[in-house]
Structures are given as C-alpha cells and as structure tokens.
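To start, the structure itself, in structure tokens.
Just so you know, ligand 1 is whichever comes first in the structure, and atom 1 is the first atom listed for that ligand. Throughout, numbering of the chain's residues begins at 1 and tracks the sequence.
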Amino acid sequence: MSLLEADDPPAYRVERSDGKSPFFLTCDHASARVPTKLGSLGVSAEDLGRHIALDIGAAGVAVKLATALDALAILSGYSRLVIDCNRQPGTPESIVRISEATRIPGNETVTVEEAAAREQEIFQPYHDRIRTELDKRRAQQRHTVLISVHSFTPSFHGNSRPWHAGVLYNRDARLATELLQRLRAEATLVIGDNEPYSVGDTTDYTIPVHAEKRGLLHVGIELRQDLVATAAGQSEWAERLARALVSIADSGDSWCKFDSATN
Ligand SMILES: [Zn+2]
C-alpha cells in the first residue's frame, strides 16, 4: 500500500546540502502538510495552522540559521499529526488520536498497514537522509554538531510560559551549557534550562538516536512560537543563535574539549 502520490511533496527537504560548517540542523516539525490521500485528517484548517500540526516558525529559523552558519539543514515535509518524526514509531505518541484537547479523527482508525505506510514513506526517508549525511561526514572525518530546532506555544493548559526560548539536552549537556550561558548574557531574555521540555528517550527520537548514540555534540533549541511567527522574528532569532554558536565554535578551549573520540 502506498500513501504519497505524484503531486505530494517529498518526505523531507534539504537546505544548503553543501554547507561547510560543522553545524548540522534538523527540523522535525517543519510542516503542516498532510498527504492528499489523507485529506485533512478530519482536522479544521484552523487547527492545522496550530502547534498541534507543526512548530510555527521553526522551519523559517532553521533555514535562516543554515544560511547564517553555512550549515546543512534537513526539514521534515509533513505534519506531526500524520506521523511524528520525533517519536519512536509504534508508540501511542507516534500517530496521535488526540493532540492537546483536539481530536484527530483521521488517526482514530489507522490500520497496521496504514501506520506502516506513514512510517515507511515519511518518517523513514527523513531519518534515513539524516543518517546518510551523518555517515558521510563521519567517513570524511568531519566534525559534526547537531542542532535540533523546535518551537513551543506561549501558554500550555492555561498557564503562560515565561521563557523566550529553551535549551534542551538529556545525557550530554556540553553544548547546551555553553549555549545557555551565551543566550542568558542578553539580560532581557528568559532562557529555559531544559524548559519548557527536556530531551528523553521516550519523548524524543532525533537527538537520542542521531546525536547521543554517535556521541555527537548536540543541543535542542525551543523557540516561543509568537517570537518567530514572522520573517523578521525568524531572522532575529537565527542571527542571535548563529552569533552564540559561532562564539562557542571560536572559543578554542571549549571547542577542543568538545572533540569526542566517538564521533
Ligand atoms: Zn517540535
């Protein structure tokens, strides 16, 4: 059974494939697109524009950051409501029936075959491309630092969130610590330390699988969606992040310290 049709876009897109930088960007929730065959999943157009469908502004920041850093970026091509590219397939969080408080009718009766098609045609190609690029860089002995770009809602279950952005990690806080310090140097910013989310084996896929298992330096970045909803906001945050990351890369001592034998 096949899911994607000729007029559907590819499962992912690559920006700056010849980027020379050690930085390597991923954007798991870049798009609200739903394959033609699945209609709208029974979800209203308004809901397909919300965070439940995509990380608003994250793709724009990832592309601008790729340009600023001369870094390769890989962005998912479909909505997290079709299949979440940052969750282990087969788990209830992979294809959700309810997101926050919104029913996703098109996900309520997904057969094993239909779930497998979403995994094979959307999830797998995206992660295969990330894996292929990382393998290639390892073969070339290129230094690689994975940056995973996301965005979050200003309020959650009625509580407003104080952070402008968050720096996320799990077992390896090396890069996160450096980035946190640099972003917090801007006194007007409230930067979360593993807030509003942290990285975990069951709540994430990209960082645990592609970065932690390879011993790559990495960080997850969460941006508050209202700050990156416009092109101007995306540019502002891409420039801010690029400045901070370049400053880390240029600070010889810490950069050397980052060199890991396993990557
Ligand atoms: Zn996300």
Side-chain angles (χ1 to χ4, degrees), residues 11-13 15 23-34 41 43 47-66 73-89 91-96 98-102 104 107 118-119 122-123 126-127 129-130 146-157 161 163-170 175-176 179 183 191-212 218-229 233-234 237-238 241:
Y12 62 86
R13 66 183 169 118
E15 294 284 332
F23 295 107
F24 183 107
L25 312 180
T26 60
C27 193
D28 299 330
H29 303 135
S31 174
R33 185 88 183 204
V34 176
L41 291 170
V43 175
D47 282 337
L48 283 176
R50 291 171 50 216
H51 179 77
I52 62 167
L54 84 164
D55 282 356
I56 291 167
V61 172
V63 170
K64 289 172 194 292
L65 187 56
I74 303 182
L75 297 90
S76 69
Y78 286 91
S79 172
R80 56 149 51 104
L81 293 179
V82 180
I83 185 164
D84 193 325
C85 282
N86 194 33
R87 293 291 186 282
Q88 181 69 47
T91 62
E93 295 77 25
S94 170
I95 298 174
V96 293
I98 296 177
S99 182
E100 290 169 29
T102 306
I104 315 300
N107 288 350
R118 295 188 194 189
E119 180 182 342
I122 294 174
F123 179 94
Y126 171 68
H127 287 290
R129 183 61 186 264
I130 294 174
L146 190 141
I147 313 283
S148 176
V149 181
H150 294 265
S151 70
F152 64 95
T153 53
S155 70
F156 191 64
H157 291 311
R161 290 164 150 171
W163 314 281
H164 297 104
V167 170
L168 277 53
Y169 53 93
N170 182 17
L175 180 59
L179 183 60
L183 293 176
I191 307 294
D193 178 351
N194 257 346
E195 296 280 8
Y197 303 107
S198 58
V199 176
D201 290 337
T202 56
T203 54
D204 291 87
Y205 185 92
T206 300
I207 285 180
V209 169
H210 295 299
E212 286 190 331
H218 61 272
V219 68
I221 296 173
E222 286 277 358
L223 303 166
R224 208 176 75 200
Q225 66 182 31
D226 56 306
L227 304 177
V228 292
Q234 291 159 16
W237 276 91
L241 293 169

### Message
Taking the six-membered ring for Trp, are His210 and Phe24 closer than 6.0 Å centroid to centroid?
### Response
no
### Message
Tell me whether Gln234 contacts the main-chain N or O of Val228 through its side chain, where contact means a donor paired with an acceptor under 3.5 Å.
### Response
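Side chain of Gln234 to backbone of Val228, a donor-acceptor pair under 3.5 Å: yes, one is there.
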### Query
Going by atom types alone, do Asp193 and Tyr169 pair a side-chain donor with an acceptor below 3.5 Å?
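Yes, side-chain donor-acceptor contact under 3.5 Å.
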### Query
Which protein N, O or S atoms sit under 2.8 Å from the Zn ion (ligand 1)?
His29 ND1, Asp55 OD2, His150 ND1
Report all side-chain donor-acceptor pairs from residues 52-59 shorter than 3.5 Å, counting only partners two or more places apart or in another chain.
| residue | atom | partner | partner atom | Å |
| --- | --- | --- | --- | --- |
| Asp55 | OD1 | Arg80 | NH1 | 3.4 |
| Asp55 | OD1 | Arg80 | NH2 | 3.3 |
| Asp55 | OD2 | His29 | ND1 | 3.4 |
| Asp55 | OD2 | His150 | ND1 | 3.1 |
| Asp55 | OD2 | Ser151 | N | 3.2 |

### Summary
Those residues at least two apart in sequence (or on a different chain) that pass side-chain contact (heavy atoms from CB on, under 4.5 Å) with Pro196 are Phe152, Arg161, Trp163, Glu222
### Message
Run the side-chain contact (heavy atoms from CB on, under 4.5 Å) test against Asp204 and tell me which residues pass, sequence neighbours left out.
### Response
Asn86, Val199, Pro208
